[in-house]
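Counting convention: from 1, in listed order, for ligands and their atoms alike. This chain uses plain numbering: 1 for the first residue, then up along the sequence. Excluded from the calculations below are hydrogen atoms, water molecules and symmetry mates; all remaining heavy atoms, backbone and side chain alike, are included.
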Amino acid sequence: MSYNHILVQRENKIVTVTINRPKALNALNKETIEELSDAFSALEKDENVRVIILTGSGEKAFVAGADIKEFSDFDTKQGEELARLGQDKLFNKVENLSKPVIAAVNGYALGGGLELAMASHFRIASDNAKLGLPEVTLGLIPGYGGTQRLPKLVGKGHAMQAIMTAEMFSAARAEQIGLVNEVVAQEELLPRAQKIAEKISRNSSTAISKAISAINQSDTQEGFDAEIKYFGELFGTEDFKEGTTAFMEKRKPNF
Ligand code: CAA
């Protein structure tokens with residue numbers, strides 16, 4: 001499939017999806033959201049894909065937000081639709097994808113950009129990254145899940161302060177409060193993401209997809225129930241047999 005605003009590159013079972021509108025700091029316009037949505041659906045179905053790395057092109061930005069130029073004349077109905085469509089088509093899809101999505105935050109991750117990174121399963125960042133939710137400076141609130149995902153990641157107090165002040169976090173501060181897992185030099189970002197992805201890709205993809213689903217339900221009693229259910233189901237898989245047999249035979253499993 002060919003795209004206008006994203007690049008999809010494959011290396012073995014690891015795919016890097018790059019948002020590629022560097023002149024607009026990779027801002028998410030409607031077409032980019034559609035393309036990302038299609039790409040994630042295709043990658044989810046592709047049996048040869050194990051892990052997805054999501055990043056932005058250029059050295060300046062991961063994604064500087066939803067495309068402000070596209071929605072500046074929207075009315076209330078269009079505004080609500082923008083948020084709902086974006087969340088349904090892309091942000092919730094990424095969060096609930098059965099394959100791991102690692103956000104490699106290579107610069108500004110603002111508004112919808114940080115929201116996309118937060119919908120990803122975890123985040124690593126380059127040392128020049130700046131992350132924030134500046135929507136209140138536009139008279140808005142985050143509309144792509146930011147009010148829900150930020151407090152879960154950093155706690156309610158930090159989320160309140162970040163959203164109210166619209167201030168950006170430095171990469172170091174983002175790591176300190178748990179918004180990103182690791183910070184590395186810019187040239188190390190994609191190699192590091194690749195290395196983490198390779199490590200994940202050697203593990204059982206069946207088990208990882210269940211782990212994602214269970215972790216995503218972690219705030220509810222249903223989460224505990226899902227964990228029990230999936231745990232039991234995995235005992236019936238080839239991966240479970242291979243994993244435990246390999247342990248017993250003192251060799252590495254071949255998933
Ligand atoms: N939407 C549309 N275009 C954007 C954009 C955005 N979110 N962010 C940057 N751009 C464009 C700029 O308009 C500019 O384009 P032109 O050259 O055509 O003027 C180009 O990208 C480069 O940007 P700057 O010249 O502003 O670059 P800078 O280095 O001076 O500043 C910045 C960088 C601080 C990130 C600044 O661009 C900025 O503040 N951008 C907006 C950030 C923002 O408010 N994001 C939230 C959007 S709202 C949202 O996301 C809603 C939601 O939750 C659903």
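- Residue I141 has no nitrogen or oxygen atom sitting less than 3.5 Å from a nitrogen or oxygen atom of ligand 1, judged on distance alone.
- Of all protein heavy atoms, the one lying nearest to atom 24 (P) of ligand 1 is L25 CD1, 4.5 Å.
- No side-chain heavy atom of R202 sits under 4.5 Å from any side-chain heavy atom of F255.
- Electrostatic pairing of K195 and E198 does not count as a salt bridge here, judged by no charged N lying under 4.0 Å from a carboxylate O.
- Near P142, meaning under 4.0 Å from any of its heavy atoms, are these atoms of ligand 1: 53 (O).
- Among all protein heavy atoms, the one lying closest to atom 38 (C) of ligand 1 is L110 CD1, 4.7 Å.
- Between E59 atom CD and E187 atom CD the span is 9.0 Å, to the nearest 0.5 Å.
- The existence of a salt bridge linking E242 and R251 is confirmed by a sub-4.0 Å separation between a basic side-chain nitrogen and an acidic carboxylate oxygen.
- For atom 1 (N) of ligand 1, the closest non-hydrogen atom of the protein is I68 N, 3.0 Å.
- More than 12 heavy-atom neighbours from other residues, nucleotides or ligands sit within 6.0 angstrom of CZ on F74.
- Ion pairing between D46 and R10 holds under the 4.0 Å rule for side-chain N and carboxylate O.
- For atom 44 (O) of ligand 1, the closest heavy atom belonging to the protein is P134 CG, 3.5 Å.
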Quiz item: Would K152 and D219 count as a side chain to side chain contact (heavy atoms under 4.5 Å, CB included) if you check the C-alpha gap in whole Å, the side-chain angles of each, and the deciding distance to 0.1 Å?
Solution: CA-CA 9 Å; K152 288 201 182 111; D219 288 341; 2.7 Å; yes
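- Of all the atoms in ligand 1, the ones that sit under 4.0 Å from a non-hydrogen atom of E135 are 49 (C), 50 (O), 51 (C), 52 (C), 53 (O).
- The shortest contact between atom 54 (C) of ligand 1 and any protein heavy atom is with Y144 CD1, 3.4 Å.
- Heavy atoms of K60 found under 4.0 angstrom from ligand 1 belong exclusively to the side chain.
- Under 4.0 Å is where a charged nitrogen must lie from a carboxylate oxygen, and between R192 and E182 at least one such pair does.
- Between G145 and E115 the shortest heavy-atom distance is N-OE2, 3.3 Å.
- In this structure, atom 31 (O) of ligand 1 has its sub-4.0 angstrom surroundings free of protein heavy atoms.
- Counting protein heavy atoms only, atom 10 (N) of ligand 1 is closest to A24 O, 3.8 Å.
- Between A159 and L150 the shortest heavy-atom distance is CA-CD2, 3.7 Å.
- The presence of a protein heavy atom under 4.0 Å from atom 26 (O) of ligand 1 is ruled out.
- Each of the atoms 52 (C), 53 (O) of ligand 1 lies under 4.0 Å from some heavy atom of E115.
- Distances between N or O atoms of G112 and those of ligand 1 include at least one value under 3.5 Å.
- By the 4.0 Å heavy-atom criterion, K23 is counted among the residues contacting ligand 1.
- Considering backbone and side-chain N/O atoms, Y108 never comes within less than 3.5 Å of an N/O atom of ligand 1.
- When hydrogens are left out, the protein atom nearest atom 14 (C) of ligand 1 is K69 NZ, 4.2 Å; that is the closest non-hydrogen contact.
- Using a 4.0 Å cut-off between heavy atoms, L28 makes no contact with ligand 1 at all.
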Practice problem: Could you check Q194 against I14 for side chain to side chain contact (heavy atoms under 4.5 Å, CB included), going step by step and ending with a plain yes or no? | Solution: CA-CA 8 Å; Q194 188 78 18; I14 298 162; 3.8 Å; yes
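- Under the 4.0 angstrom criterion, atom 50 (O) of ligand 1 counts as having a protein heavy-atom contact.
- The shortest N or O to N or O distance between T137 and ligand 1 is not under 3.5 Å.
- Of the protein's non-hydrogen atoms, D67 OD1, 3.3 Å is the one closest to atom 2 (C) of ligand 1.
- Residue A64 holds the heavy atom nearest to atom 45 (N) of ligand 1 of all those in A64, G111, G107.
- Residue-ligand proximity, A27 to ligand 1, at heavy-atom distances under 4.0 Å covers atoms 1 (N), 2 (C), 6 (C).
- At least one heavy atom of L138 sits closer than 4.0 Å to an atom of ligand 1.
- In summary, E95 and R149 engage in a salt bridge, as defined by a charged side-chain N under 4.0 Å from a carboxylate O.
- For the pair K30 and E70, the salt-bridge criterion is not met [side-chain N within less than 4.0 Å of a carboxylate O].
- Salt-bridge formation is not detected for the pair D88/K93: no Lys NZ or Arg NE/NH1/NH2 atom is positioned less than 4.0 Å from an Asp or Glu carboxylate oxygen.
- Of the heavy atoms in A66, both backbone and side-chain atoms come closer than 4.0 Å to ligand 1.
- Inside a 4.0 Å radius of atom 21 (O) of ligand 1 there is at least one protein heavy atom.
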Exercise. Dump the intermediate steps for side chain to side chain contact (heavy atoms under 4.5 Å, CB included) on T76 and E80, then the final yes or no.
Key: CA-CA 6 Å; T76 52; E80 187 178 326; over 6 Å; no
